[in-house]
Asks: 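Provided herewith is a single structure, encoded as structure tokens, for subsequent inquiry.
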Amino acid sequence: MTAGQAEAMLKRWPDWGLDIDGKRVLDLDEMFGGLPVVLEIGFGMGEATAQMAAADPGTGILAVDVHTPGQGNLLGLADRNGLTNVRVANGDAIILLREMLVGDSLDGCRVYFPDPWLKARHHKRRLIQPEFLGLLATRLKPGAVLHCATDWEEYAEQMLEVLTAHPDFENTQADGGYAPRPGFRPLTRFEGQGLDKGHVVHDLLFRRK
Ligand SMILES: C[S@@+](CC[C@H](N)C(=O)[O-])C[C@H]1O[C@@H](n2cnc3c(N)ncnc32)[C@H](O)[C@@H]1O
């Protein structure tokens with residue numbers, strides 16, 4: 001962690017940070033003053049998160065990652081830019097969803113460039129799997145949108161397959177395929193690295209039924 005990230009952690013963690021301890025249920029209304037709340041899983045260094053929070057102050061972003069320097073970075077960005085609609089959660093998104101969020105509480109979920117786990121024997125570690133989707137669906141309000149993006153063609157195909165087959169989600173795209181990149185999603189750090197390698201990026205927008 002850089003000195004700046006550590007300083008932001010010290011200054012802002014008490015008000016804007018939370019540990020995923022699985023021991024309490026969050027009151028999102030109290031945390032975000034009644035704003036609709038979108039969960040972002042795996043924000044990395046948080047640059048895209050901060051841009052989306054600045055562009056849409058009427059939406060709260062509950063941003064979760066296990067990567068501590070990124071948490072400091074995002075808190076620093078939120079502090080310097082006066083973003084009061086971001087909260088940073090440290091730990092595993094699955095525990096957050098399972099233990100700390102009540103049903104029908106989220107207005108959306110964003111998963112941008114999740115770890116692709118390239119080796120076949122590691123594919124089971126990928127986040128977008130039927131079991132995860134079943135848990136997430138219970139925490140999303142009906143009509144809430146799950147937005148995924150990836151630059152790994154084969155992971156994109158897997159996402160499209162499991163989301164299309166899942167009984168709790170429906171594709172927002174009439175043709176049943178990938179979505180055009182929504183204007184609100186900024187270029188992320190990992191996306192930039194993928195584009196530098198010539199990868200093609202796919203967005204998927206699925207609605208909770
Ligand atoms: C490939 S990076 C993408 C970061 C960022 N979204 C971007 O596009 O630049 C994936 C991130 O997901 C985080 N992550 C992976 N599994 C997670 C989990 N179960 N809960 C929270 N964060 C997770 C990793 O720590 C990492 O920062």
Side-chain angles (χ1 to χ4, degrees), residues 1-2 5 8-9 13 16-22 26 37-55 61-78 86-101 106 108-119 122-140 145-156 158-159 162 178-179 181-197 199-205:
M1 207 186 292
T2 65
Q5 290 161 358
M9 284 292 262
W13 187 264
W16 292 349
L18 69 104
D19 276 309
I20 300 177
D21 57 12
L26 302 178
V37 177
V38 169
L39 175 68
E40 182 179 355
I41 299 177
F43 59 81
M45 295 306 283
E47 299 98 335
T49 312
Q51 285 181 52
M52 290 186 288
I61 302 180
L62 178 55
V64 51
D65 207 298
V66 296
H67 182 238
T68 324
Q71 293 161 12
N73 202 56
L74 178 52
L75 286 172
L77 287 168
V86 182
R87 298 292 177 273
V88 177
N90 170 37
D92 184 348
I94 309 247
I95 298 174
L96 175 73
L97 282 164
R98 200 175 54 213
E99 312 291 347
M100 300 176 73
L101 293 173
L106 295 170
C109 180
R110 297 168 180 160
V111 186
Y112 297 157
F113 305 89
D115 298 310
W117 295 107
L118 298 180
K119 292 182 182 159
H122 291 157
H123 283 182
K124 56 181 180 294
R125 298 185 191 173
R126 287 178 171 172
L127 188 65
I128 306 302
Q129 312 258 8
E131 194 183 345
F132 165 77
L133 293 174
L135 169 63
L136 176 65
T138 62
R139 300 322 192 236
L140 289 171
V145 169
L146 165 62
H147 182 189
C148 302
T150 182
D151 62 317
W152 286 96
E153 189 67 36
E154 183 264 332
Y155 195 7
Q158 180 190 333
M159 289 178 178
V162 295
Y178 300 116
R181 179 206 186 102
F184 66 81
R185 184 173 69 71
L187 187 82
T188 79
R189 185 177 281 235
F190 272 79
E191 177 176 19
Q193 292 171 3
L195 291 174
D196 287 346
K197 293 179 194 142
H199 295 180
V200 174
V201 171
H202 292 293
D203 285 79
L204 299 96
L205 290 168

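Start at 1 with the first residue, then count along the sequence. Every number for a ligand or one of its atoms is a count from 1 in the order of the listing.
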Asks: Going by the rule ring pair (Phe, Tyr, Trp, His ring centres under 6.0 Å), which residues pair with Tyr178 if we only count those two or more places apart in sequence or in a different chain?
Replies: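 With sequence neighbours excluded, Tyr178 shows a ring pair (Phe, Tyr, Trp, His ring centres under 6.0 Å) to His202, given in chain and number order.
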Asks: Taking the non-hydrogen atoms of Ile94, is any one of them nearer than 4.0 angstrom to ligand 1?
Replies: no
Asks: On a heavy-atom basis, which atom in Ile41 and which in Cys109 lie closest, and how many Å separate them?
Replies: CD1-SG, 3.9 Å
Asks: The criterion is salt bridge (Lys or Arg N to Asp or Glu O under 4.0 Å); which residues satisfy it with Asp151, sequence neighbours excluded?
Replies: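 None.
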Asks: Where is the nearest protein heavy atom to atom 4 (C) of ligand 1: which residue, which atom, and how far?
Replies: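 Checking every protein heavy atom, the shortest distance to atom 4 (C) of ligand 1 gives Gly42 O, 3.4 Å.
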Asks: Run the numbers for me: atoms of ligand 1, each under 4.0 Å from some heavy atom of Val66, listed by number.
Replies: 22 (N), 25 (O)
Asks: Donor-acceptor check, side chain of Asp65 to backbone of Gly44, threshold 3.5 angstrom: yes or no?
Replies: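 Yes, the answer is positive, given that a donor and an acceptor are paired below the 3.5 Å cut-off.
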Asks: Can you report which non-hydrogen protein atom sits closest to atom 3 (C) of ligand 1, along with the distance?
Replies: Phe113 O, 3.1 Å
Asks: Of the protein's non-hydrogen atoms, which lies at the shortest distance from atom 9 (O) of ligand 1, and what is that distance?
Replies: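 Checked against all protein heavy atoms, atom 9 (O) of ligand 1 sits closest to Phe190 N, 3.0 Å.
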Asks: Check whether any side-chain N or O of Asp92 sits under 3.5 Å from a backbone N or O of Ile94 as a donor-acceptor pair, and report yes or no.
Replies: yes
Asks: If you have a sec, work out which protein heavy atom is nearest atom 25 (O) of ligand 1 and how many Å separate them, to one decimal?
Replies: Asp65 OD1, 2.6 Å
Asks: Within the 4.0 Å heavy-atom shell around Thr188, which atoms of ligand 1 are there?
Replies: 7 (C), 8 (O), 9 (O)
Asks: What residue and atom, counting heavy atoms only, is the protein's closest point to atom 21 (C) of ligand 1, and at what distance?
Replies: Gly91 O, 3.4 Å
Asks: What atoms in ligand 1 come closer than 4.0 Å to a heavy atom of Asp92?
Replies: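 Selected atoms, number and element: 18 (C), 19 (N), 20 (N).
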Asks: Got an N/O contact under 3.5 Å between Glu40 and ligand 1?
Replies: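 No; the residue has no nitrogen or oxygen that sits under 3.5 Å from a nitrogen or oxygen of the ligand.
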Asks: Would you say the side-chain atoms of Gln129 pair up with the backbone N or O of Lys124, donor to acceptor, closer than 3.5 Å?
Replies: yes
Asks: At a 4.0 Å threshold, what atoms of ligand 1 neighbour a non-hydrogen atom of Ala93?
Replies: 18 (C), 19 (N), 20 (N), 21 (C)
Asks: Tell me, which protein residue and heavy-atom name are nearest atom 10 (C) of ligand 1, and how many Å apart are they?
Replies: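 Nearest protein contact, heavy atoms only, for atom 10 (C) of ligand 1 is Asp115 OD1, 3.5 Å.
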Asks: Examine His147 together with Tyr112 and report whether their ring centres are nearer than 6.0 Å.
Replies: yes
Asks: For ligand 1, which atoms sit closer than 4.0 Å to a heavy atom of Arg189?
Replies: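 Taking each heavy atom of Arg189 in turn, ligand 1 has 9 (O) under 4.0 Å.
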Asks: Does the ring center of Phe113 lie less than 6.0 Å from the ring center of His199?
Replies: no
Asks: Looking at Gly70 and Met45, what are the two nearest heavy atoms and their distance?
Replies: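 That closest heavy-atom pairing would be CA-SD, 3.8 Å.
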Asks: Does ligand 1 come near enough to Ile41 that some N or O of the ligand is less than 3.5 Å from an N or O of the residue?
Replies: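 N/O-N/O distance under 3.5 Å: no.
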